[in-house]
Structure formats: structure tokens, C-alpha cells
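Okay, so here's the structure we're looking at.
For this chain, numbers begin at 1 and follow the sequence in order. Just so it is clear, the structure is predicted and the values come from calculations on it, not from any experiment.
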Amino acid sequence: MYYFRWLLGFLHLLIWGSIILVHAIPAPDPVQCNRTICTLSSSYGAWGDRKDCSVKSVVYPTTEEELRSAVAHANKNKLKVKVVSKFSHTIPKLACPSSLGHDSLLISTAKYDSGIEIDSVNLAVTADAGVALRDVIDKVEEAGLSLVAAPYWEGVSVAGMISTGAHGSSWWGKGGAVHDHVIGLSMIVPGNESEGYAKVKQIGAQDQLLNAAKVSLGILGVISKVKLSLERGFKRSITYNFTSDSSIENNYMEHGKKYEFGDITWYPSKHTAVYRYDSRVPMDTPGDGINDFLGFQSNEILISKSVRASEKLFESTKSVNGECTLADTTLWYKKQIGNGLKNNGQIFTGYPVVGRQGKMQTSGSCLYSPKTRIDASCAWDPRIKGLFFYESTAMFTATKFGDFIKDVKKLRDLKPENFCGIDHYNGFLIRYIKASKAYLGQSEDSIVVDFNYYRADEASTPRLNQDVMEEVEQMAFFKYGARPHWAKNRNLAFLKVQSKYLNFNMFIAVKKQLDPENMLSSEWSDEILFGKEGVGSDGCALEGLCICSEDRHCSPSKGYFCKPGLVYSEARVCRYSPSSSNL
């Protein structure tokens, strides 16, 4: 009865919230300072290790010269330096300069965000590092042009977006990764005393350094400007087909070849696959639709809190049925509203939805708000105690992906309801990335899989069916050798990552050339880049800081022990068992 009442209440709030005009509270500034120290926070509320990132000081340059001066000051005074944008949506602690705090400088590009230059003749746009993706897209569209590739989430800066390999979905043309549309950039690197301790390096399309610089993780230098290629303006036509997942492992290759911007969302517990038929159409095609993806819309704070409270209840009572009710509701609602597509900019009335590229390629309406409204936010805003989750993102060699799907189906078929905790977020989002020349990009055509799942309020709290998520995670990264997305994932995903990139040593050679003193590196960026294994402390596997090898790495006092995987037997996962002798 509780689930029925909760479901009715949730549907009432969800539907009412989609009808009225909802505005989000402005996103918090990721950098907060007091009289003695500054703290950099993740927009999701906590870093992977849940420890604060403290820095001695923060500067806010507004010009390229001020940015160069900040780098020079850090170099001259032997400070560790990192850069952060106004968004701070990277999950790993890449933007934290030092654990010591007192020997560090943080450069924010929040105020270096106004320069956008369109070159309509040569089909290019050059933007300052801190410019928001949405501002670039709007300016480009005003000129009758389009940026072909963009990540699905628009809450990123231009420099941050390319530095971490952000992407959309496409095997066509230059592909879905934004960095493969970069045709030049300016980077500020350390210099000697005669060079003023820092210099601006121009890197053009034919410069071999571009292959290192366009996915740099912020450790080669400080990007000041980015130049992206454009195309003449076009529209897109999108249709979602909710259907059976019975042949997904056989269909994914052809789907990527047939639809320029296609993707697939898979809900294993529901045996459902949602194929996105997404292709460009001429500008004179009727339609003024937008893609306002449901997960990135403003949510009434009450809804976000209610969903989180329900999740916590289901977790504490080990209610798989509760999670499946939530998954059923979410999938049903997505189907009713076209997953956020809107034919006329207001509501969804049916397929196909046709709109300009700039309105269809990315979304993030929860970011924007009049400062007077305080009734809604992005669902994960840490100030409201809403959603709190992990995000795992694996990049597979395309030909291996079908076997991964088959293994996940085997695990699913043992107990389908164990996947409801993934499905009530967004299931498995499957996208396409073309082979890239970037040293830290994908060297061959690849399939990218994202999945989100519950994260507990306390690091010591185990999660319902966490062994299932851990087995899928280890299956992806270790059995099938998938590469981790640089801006996402738990720490364990990066283990031995250097062996997965053919040009890794070439990237390191450029790093030594441009930053020989490692001014732009930190223990956290080294941990990610070199795939260092964490210390095997009590409970470390609960947060993905290690792979369990002993029961103490899980939570034996709460009934979670280190066990082999059920399908991938080499996996080591934390499974709930009455005793350590049971499976």
C-alpha cells in the first residue's frame, strides 16, 4: 500500500511540475572562501574520496594576459596550479591542485567568459576558455551556422569540455567527440625568467602538439582560447522507439551507421531498449522543437527530496520492489513526454520532433534561473539534499561491445529486479564515438556506455545490490578492457589506464616538454592519469577506491563480504550475505 500511495503522490508532483513554469535556483559557485582558505567543491556535493579540496588562493582573470600573469605568478613562486570553470562538473578531483593547500593556486575562468568570434567564411568559432557551451551554440546559430558535436549536458566551459574528452554521439563525419572538431587553441605554459615565467603557445591544426593538447586533462598548460570547426546551419529530426531489448547486441552496429546522431538507452530490468532515431534534415523542414532532456530539467525541490527519501527507504529496508516501482514509473513517464522533447518549445505532442541543431544537440535547463525563484533546482544540487549518485562511463572497442551486452544479460537473467537501481536513473546510455588522433582520445571507433546508481550519504554505508553494479563495472573495465571517461567514474575504473592508450607515452613526452616541473600536476591527476591503485583500507571498495580482496574492504559488520562475480568470476565484489561462507 505504501508503494501505491507513494507512486500516486510522485506522479502528481511530476505531472504538475511539468505543466507549470518552473525555474531553478542558480547553481552554487564551486569555489567558496573564508578569511584563511578557499574550498573547491564538486557540483555533485562530494569528491570520490569525500575529502575537501583546499587551496591557498583563487584568482579570477578576465583577459588572456591576466590568465598568463596568474600562471607566471604560480611558476615564479613554485605553486601548484589548477583551473576550474564556473561549473565544476568533473567527477574525479582533476581540478584540485594540492592536498597541502598552502602551496597552491586555483585559477577560475568564471569571469574569462565573454570572447566569442565567428568566422563565417572559414566556418570556425574561437571562444575564450571560460565561455559556456550554451553561449557558443547560441552565437553560432545566430550566424546561421551549427556546431556539429556537443555533450548531452551543456553545463560545461569550452576549455573544460575538450580537456576531458566530452562527447555526444556519432560515427559520422568527424565524429561525436567535441575535441575532434578542434582546429586550434591557445595554451599558456610555464616559461623561464626571460619569458616572464609563462608564455602563450599558439597550436594550429597542423601542429602535432594539438593531438596532445585537445584532450589534456589540464596538465599540459592552461588553455586560453579554443577554435572549433562549424558547418552551415541544419535541423535534426528525433524519434524515440521504445521496444524489446532482445536483439540489442546484434543491432547496435547498424544503428550507429544508419543514424548520424543515434543512441540507445537500455533498461535491463524492464527488457526494454529505446532506440533514438536522430538524423539531420534541411533547414526548411517544418518544426521548432527543442530537446529539454528530463534528467536536466528543473525539478521542484520537493520532488527531488521525495525521490531521494524514497531511495534511502528502499536501501535501508532492502526493498527491491520499491526500486522497481520507481523504475517503472520513471520509464513510463519518459515515454509519455518523449523524454523531454518538445515539438513547439513547450510540450511534447508526438514524433518526429524537428528543431534547429542548437536546440536539439544538448540541454541543461535546470542551470538557468531568475535569482528570485527558490522553488526548484537541478536534481543533484547538494544544497537541497536531492539525488546523490555515482556515474560510471566505459568506452569499448566497438566489436567487443556485443559480448559485453550478452554478459550483462546473463547477469540480469539471474535476477532482473537487481537492475532496477540502475534503471530508475537512466538505464545504460549507449553512444557512438569515432576514432580520434588525440593521444588520450579513442584510437578506434568506440561504443560509450554510461550508467548512474545510488550513492549513500555516508561512505561506510553499503548499497542494495551493489555487487551487481560492481560486477558490471569490473566486467567493462577489466574483462573487456574498456577505457574510462576522463571526467567521470570511480577511482578503480582508472587502474592500469595507461596500457589502454596506444599513444600514452607520446602524451607523457609532451607533458615533460611543456611542464617539466609538474606545476600543473597533482596527486589526484596523477592518480587518474597513471591509474594508481588505492590503499586497501577498511571499506574502500564501497566507494570504488579499491577492488576488494579482503572482507574488511567491504562491510562485514553489516553483512557485506568480498565475493567473486556471478558471471564474471574474476570480479571481486561486495555482496550482502548472512555469513562470509555464503555466496
| query | Strictly under 6.0 Å, is that where the ring centroids of F504 and F507 end up? | reply | no
| Lys/Arg N to Asp/Glu carboxylate O, D457 vs K385, below 4.0 Å | no
| said: Run the side-chain hydrogen bond (donor to acceptor under 3.5 Å, both in side chains) test on E260 and S170 for me, step by step, so that the C-alpha distance in whole Å, both residues' side-chain angles and the decisive distance to 0.1 Å come before the verdict. | reply: CA-CA 6 Å; E260 182 174 4; S170 185; 4.9 Å; no
| message | With a 4.5 Å cut-off on side-chain heavy atoms, are P382 and S42 touching? | response | no
| said: Assess the residue pair R383 and D381 against the criterion (salt bridge (charged side-chain N to carboxylate O under 4.0 Å, His left out)); give the C-alpha distance rounded to whole Å, side-chain angles, the decisive distance to 0.1 Å, and a yes or no. | reply: CA-CA 6 Å; R383 295 169 298 181; D381 190 319; 2.6 Å; yes
| field | Residue pair Y152 / D263, side-chain donor-acceptor N/O under 3.5 Å | value | yes
| task | Examine the side chains of H73 and N77 and answer whether a donor and an acceptor come within less than 3.5 Å of each other. | result | yes
| Under 3.5 Å side-chain donor-acceptor pair for R356 and S146 | no
| query | Can a salt bridge be assigned to the pair R236 and D278 using a cut-off of 4.0 Å between side-chain N and carboxylate O? | reply | yes
| query | Does a side-chain N-to-carboxylate-O contact under 4.0 Å join R50 and E543? | reply | yes
| message | Using the ring centroid of each side chain, check whether H167 and H179 are separated by less than 6.0 Å. | response | no
| Considering all heavy atoms, the nearest Y60-V31 contact | OH-CB, 3.8 Å
| Nearest non-hydrogen partners of I223 and A213, listed with the distance | CD1-O, 4.2 Å
| field | side-chain contact (heavy atoms from CB on, under 4.5 Å) between I430 and I447, intermediate numbers included | value | CA-CA 7 Å; I430 301 166; I447 299 292; 3.6 Å; yes
| task | Indicate whether any N or O donor in one side chain lies under 3.5 Å from an N or O acceptor in the other, for Q357 and R280. | result | no
| Salt-bridge criterion met for K86 and D29 (N-O under 4.0 Å) | no
| Test salt bridge (charged side-chain N to carboxylate O under 4.0 Å, His left out) applied to D138 and R134, step by step | CA-CA 6 Å; D138 288 348; R134 172 49 58 191; 3.0 Å; yes
| request: Answer yes or no: is there a side-chain heavy-atom contact under 4.5 Å between L228 and L147? | output: yes
| query | Nearest heavy-atom pair of R455 and A46: which atoms, and what distance? | reply | NH1-O, 3.6 Å
| Residue pair N518 / K512, side-chain donor-acceptor N/O under 3.5 Å | no
| task | Begin from the C-alpha positions of F477 and M395 and carry the test side-chain contact (heavy atoms from CB on, under 4.5 Å) through to its verdict. | result | CA-CA 9 Å; F477 293 116; M395 300 183 172; over 6 Å; no
| Between N299 and W380, is any pair of side-chain heavy atoms under 4.5 Å apart? | no
| said: Checking side-chain contact (heavy atoms from CB on, under 4.5 Å) between F389 and each of Y453, Y454, Y425, which is the one that passes? | reply: Y425
| Would you find more than 12 non-hydrogen atoms of other residues, nucleotides or ligands less than 6.0 Å from E523 atom CD? | yes
| field | Pair E65-S69, side-chain donor/acceptor within less than 3.5 Å | value | yes
| message | If we ignore hydrogens and angles and just use 3.5 Å, is the side chain of T164 paired with the main-chain N or O of W486 as donor and acceptor? | response | no
| message | When you compare the side chain of W172 with that of Y432, does any pair of heavy atoms fall below 4.5 Å? | response | no
| Salt-bridge criterion met for D103 and K56 (N-O under 4.0 Å) | no
| said: For T39 and D52, which I'm curious about, is there any donor-acceptor pair between the side chains at under 3.5 Å? | reply: no
| message | Has Q442 got a side-chain atom pairing as donor or acceptor with K434's backbone, closer than 3.5 angstrom? | response | no
| Quick one: does S163's side chain have a donor or acceptor within less than 3.5 Å of a partner on A159's backbone? | yes
| message | For the residue pair N291 / S363, report whether a side-chain donor-acceptor contact shorter than 3.5 Å exists. | response | no
| field | Between E64 and S224, a side-chain donor and acceptor under 3.5 Å | value | yes
| Does one side chain, of E444 or T397, offer a donor that lies under 3.5 Å from an acceptor on the other? | yes
| Side-chain donor-acceptor contact under 3.5 Å, K82 with S104 | no
| query | Between K214 and S436, does a side-chain hydrogen bond (donor to acceptor under 3.5 Å, both in side chains) hold up when you go through it step by step? | reply | CA-CA 11 Å; K214 60 187 180 181; S436 171; 5.1 Å; no
